[in-house]
Amino acid sequence: EIENEMEKALDERQFCVYVQPKYDLNREKIVGGEALVRWKHPQKGMIPPGEFIGVFEKNGFIIKLDYFVWEETCKLLSKLKKEGYGGYPISINVSRAHFYGNGLREKLDELIAKYDIAPDELELEITETICAEDPEIIYSKVRQLQAAGFKVAMDDFGSGYSSLNMLKEMPLDIIKMDLKFLDGGDNEEKSHYILQTLISLAQNMQLLVVVEGVETKVQVEFLRGIGSYYAQGYYFSKPVESATYESMIKANK
């Protein structure tokens with residue numbers, strides 16, 4: 001059913017981009033955002049990404065959908081920049097299919113030229129599972145993107161395959177850690193120590209750390225105490241429509 005409707009949905013712009021703001025923990029000010037796709041179906045209402053992203057990754061449609069999300073994100077960045085609100089990078093997800101196909105760098109170069117934005121305004125998020133598959137291929141392409149000025153982030157670091165060796169070898173600018181990492185049950189104290197050590201290690205390696213899934217004031221105080229600077233999560237803001245994000249940026253100064 002999803003496959004039968006996907007092309008029509010893209011043509012009719014049923015897909016739309018939401019943005020979840022990222023915050024500086026100490027100043028509680030927005031420093032950027034993450035672009036997320038939503039499907040507003042005319043009959044079924046909002047279809048959550050978990051119901052369609054996996055299907056699109058298997059059938060290849062994710063490439064078309066990603067291009068749509070990237071372009072909408074570039075439009076938003078360009079609009080904010082022209083209105084005097086530049087300097088708030090937005091991260092976009094880059095799926096596995098892009099790394100094994102051709103033209104990723106060319107497509108990104110084309111978009112930033114078309115919308116007159118700088119490469120570092122468009123952060124590229126990849127998952128650690130991509131890096132675990134064919135590291136040499138992935139590392140090579142990531143280095144090419146970094147050479148072109150793009151910042152590369154690893155999403156969900158520490159939740160699955162990542163290791164200290166990957167942190168050493170992988171060319172990264174940003175790592176994102178989800179606070180689900182702290183769901184340690186009886187091992188909560190150990191989880192805190194591990195998270196604190198990973199954040200400190202990453203920062204000593206000149207990597208920017210963004211902690212996701214921040215939902216409570218207790219978590220915010222813990223993160224401030226261990227020197228984590230950027231965070232995103234429902235404590236600060238849920239993902240919002242692009243127009244709402246634009247208003248939040250304008251009220252952020």
Practice item. Could you walk me through whether Glu72 and Arg13 pass the salt bridge (charged side-chain N to carboxylate O under 4.0 Å, His left out) test, one step at a time? Key: CA-CA 11 Å; Glu72 292 300 299; Arg13 300 181 69 84; 3.0 Å; yes
Point to revise | Intermediate values then yes/no, salt bridge (charged side-chain N to carboxylate O under 4.0 Å, His left out), Lys238 and Glu215 | key: CA-CA 10 Å; Lys238 63 182 181 180; Glu215 296 180 354; over 6 Å; no
Practice item. Give the intermediate values and the outcome of side-chain contact (heavy atoms from CB on, under 4.5 Å) for residues Leu76 and Leu80. Key: CA-CA 6 Å; Leu76 175 60; Leu80 284 167; 4.2 Å; yes
**Study point:** Derivation of the side-chain contact (heavy atoms from CB on, under 4.5 Å) call for Val209 and Tyr230
**Key:** CA-CA 6 Å; Val209 178; Tyr230 289 175; over 6 Å; no
Review point. Are Tyr245 and Ile90 close enough, and set up right, to give a side-chain contact (heavy atoms from CB on, under 4.5 Å), and what steps lead you there?
Key: CA-CA 11 Å; Tyr245 175 75; Ile90 297 179; 3.9 Å; yes
Review point. Do Met177 and Ile199 pass the side-chain contact (heavy atoms from CB on, under 4.5 Å) test, and can you show the C-alpha distance, the side-chain angles, and the key distance before you say yes or no?
Key: CA-CA 9 Å; Met177 300 180 188; Ile199 288 174; 4.0 Å; yes
Practice item. Determine, step by step, whether Glu83 and Lys79 satisfy the salt bridge (charged side-chain N to carboxylate O under 4.0 Å, His left out) criterion, reporting the C-alpha distance in whole Å, the side-chain angles of both residues, the deciding distance to 0.1 Å, and the verdict. Key: CA-CA 6 Å; Glu83 293 174 0; Lys79 185 172 189 289; 3.1 Å; yes
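No donor-acceptor pair closer than 3.5 Å links the side chain of Glu12 to the backbone N or O of Ala9. Between the side chain of Lys40 and the backbone N or O of Cys16 there is no donor-acceptor pair closer than 3.5 Å. No donor-acceptor pair closer than 3.5 Å links the side chain of Ser237 to the backbone N or O of Gly233.
Between Ile126 and Val152 there is a side-chain heavy-atom pair separated by less than 4.5 Å. At least one side-chain heavy atom of Leu36 sits under 4.5 Å from a side-chain heavy atom of Arg38. In this structure, Val142 and Phe150 have side chains that are not in contact, with every pair of non-hydrogen atoms separated by 4.5 Å or more. With contacts defined as side-chain heavy-atom distances shorter than 4.5 Å, the pair Leu124/Lys151 does not qualify. Side-chain contact check for Asp66 versus Val94: every heavy-atom pair is 4.5 Å or farther apart. Contact check for Lys176 versus Val211: no side-chain heavy atoms found under the 4.5 Å cut-off. A 4.5 Å side-chain heavy-atom check between Gln219 and Arg224 finds every atom pair outside the cut-off. The side-chain heavy atoms of Leu145 and Leu108, taken from C-beta on, include a pair separated by under 4.5 Å.
Scanning for side chain to side chain donor-acceptor pair (under 3.5 Å) contacts around Thr73 gives an empty result, with sequence neighbours left out. Residues forming a ring pair (Phe, Tyr, Trp, His ring centres under 6.0 Å) with Tyr229 (at least two apart in sequence, or on another chain): none. Residues meeting the side chain to side chain donor-acceptor pair (under 3.5 Å) test with Lys58, sequence neighbours left out: none. Checked against side chain to side chain contact (heavy atoms under 4.5 Å, CB included), Ala97 has the following partners two or more places apart in sequence or in another chain: Ile62, Ile63. With sequence neighbours left out, Tyr23 forms a ring pair (Phe, Tyr, Trp, His ring centres under 6.0 Å) with Phe236. The side chain to side chain donor-acceptor pair (under 3.5 Å) check on Thr127 picks up Thr129, with sequence neighbours excluded. In terms of the side chain to side chain contact (heavy atoms under 4.5 Å, CB included) criterion, residue partners of Ile47 (sequence neighbours excluded) are, by chain and number, Trp39, His41, Lys44, Glu51, Phe52.
Sorted by first and then second residue, the salt bridge (charged side-chain N to carboxylate O under 4.0 Å, His left out) pairs involving residues 93-102 (not counting sequence neighbours) are Arg96-Glu133. Note on residues 136-146: pairs passing side chain to side chain donor-acceptor pair (under 3.5 Å), not counting sequence neighbours, are Gln146-Asp173. Sequence neighbours left out, the pairs with a member in residues 88-108 that pass ring pair (Phe, Tyr, Trp, His ring centres under 6.0 Å) are Tyr67-His98, Trp70-His98.
The aromatic rings of Phe15 and Phe56 sit perpendicular to each other, their planes meeting at more than 60°, with 30° as the lower class boundary.
Under the 4.5 Å side-chain heavy-atom criterion for Ile, Leu, Val, Met, Phe, Trp and Tyr, Leu122 and Ile174 are members of distinct hydrophobic clusters. A single hydrophobic cluster is seen to contain both Val214 and Leu198, as judged by linkage of ILVMFWY side chains at heavy-atom distances under 4.5 Å, directly or through other members. Under the 4.5 Å side-chain heavy-atom criterion for Ile, Leu, Val, Met, Phe, Trp and Tyr, Val69 and Leu104 are members of the same hydrophobic cluster. The cluster map of Ile, Leu, Val, Met, Phe, Trp and Tyr, joined by side-chain heavy atoms under 4.5 Å apart, puts Leu195 and Leu208 in different clusters.
Considering CE of Met205 and OG of Ser200, their distance stands at 11.5 Å, rounded to 0.5 Å. We find the NZ-CG distance between Lys114 and Asp109 to be 14.5 Å, quoted to the nearest 0.5 Å. Considering CD1 of Ile30 and CE of Met248, their distance stands at 4.0 Å, rounded to 0.5 Å. Rounding to the nearest 0.5 Å places NE2 of His192 at 12.0 Å from OG1 of Thr197. Once rounded to the nearest 0.5 Å, the distance linking NZ of Lys82 with CG of Leu77 reads 11.5 Å. Distance check: Leu201 CG to Leu207 CG gives 8.5 Å after rounding to the nearest 0.5 Å.
In this structure, a donor-acceptor pair under 3.5 Å is absent between the side chains of Glu34 and Ser91. In this structure, a donor-acceptor pair under 3.5 Å is present between the side chains of Tyr115 and Glu71. Residues Lys8 and Gln14 bring no donor and acceptor atom of their side chains to less than 3.5 Å of each other.
Of all non-hydrogen atoms in Leu172 and Ala153, the two that sit nearest each other are CD2-C, 4.2 Å. When all heavy atoms of Gln232 and Pro21 are compared, the pair lying nearest together is CB-O, 3.4 Å. Considering every non-hydrogen atom in both Val17 and Ser242, the closest pair reads O-OG, 3.0 Å. Of all heavy-atom pairs spanning Ala35 and Asn93, the tightest one is O-ND2, 3.7 Å.
Counting heavy-atom neighbours within 6.0 Å of Glu1 CD, excluding the residue itself, gives a total of 12 or less. Within a 6.0 Å radius of CG in Asn102, no more than 12 heavy atoms belonging to other residues, nucleotides or ligands are found.
With side-chain heavy atoms closer than 4.5 Å counting as contact, directly or through intermediates, Tyr193 stands alone and belongs to no larger hydrophobic cluster. Other residues sharing the hydrophobic cluster of Tyr18, ordered by chain and number and joined by side-chain separations under 4.5 Å: Met46.
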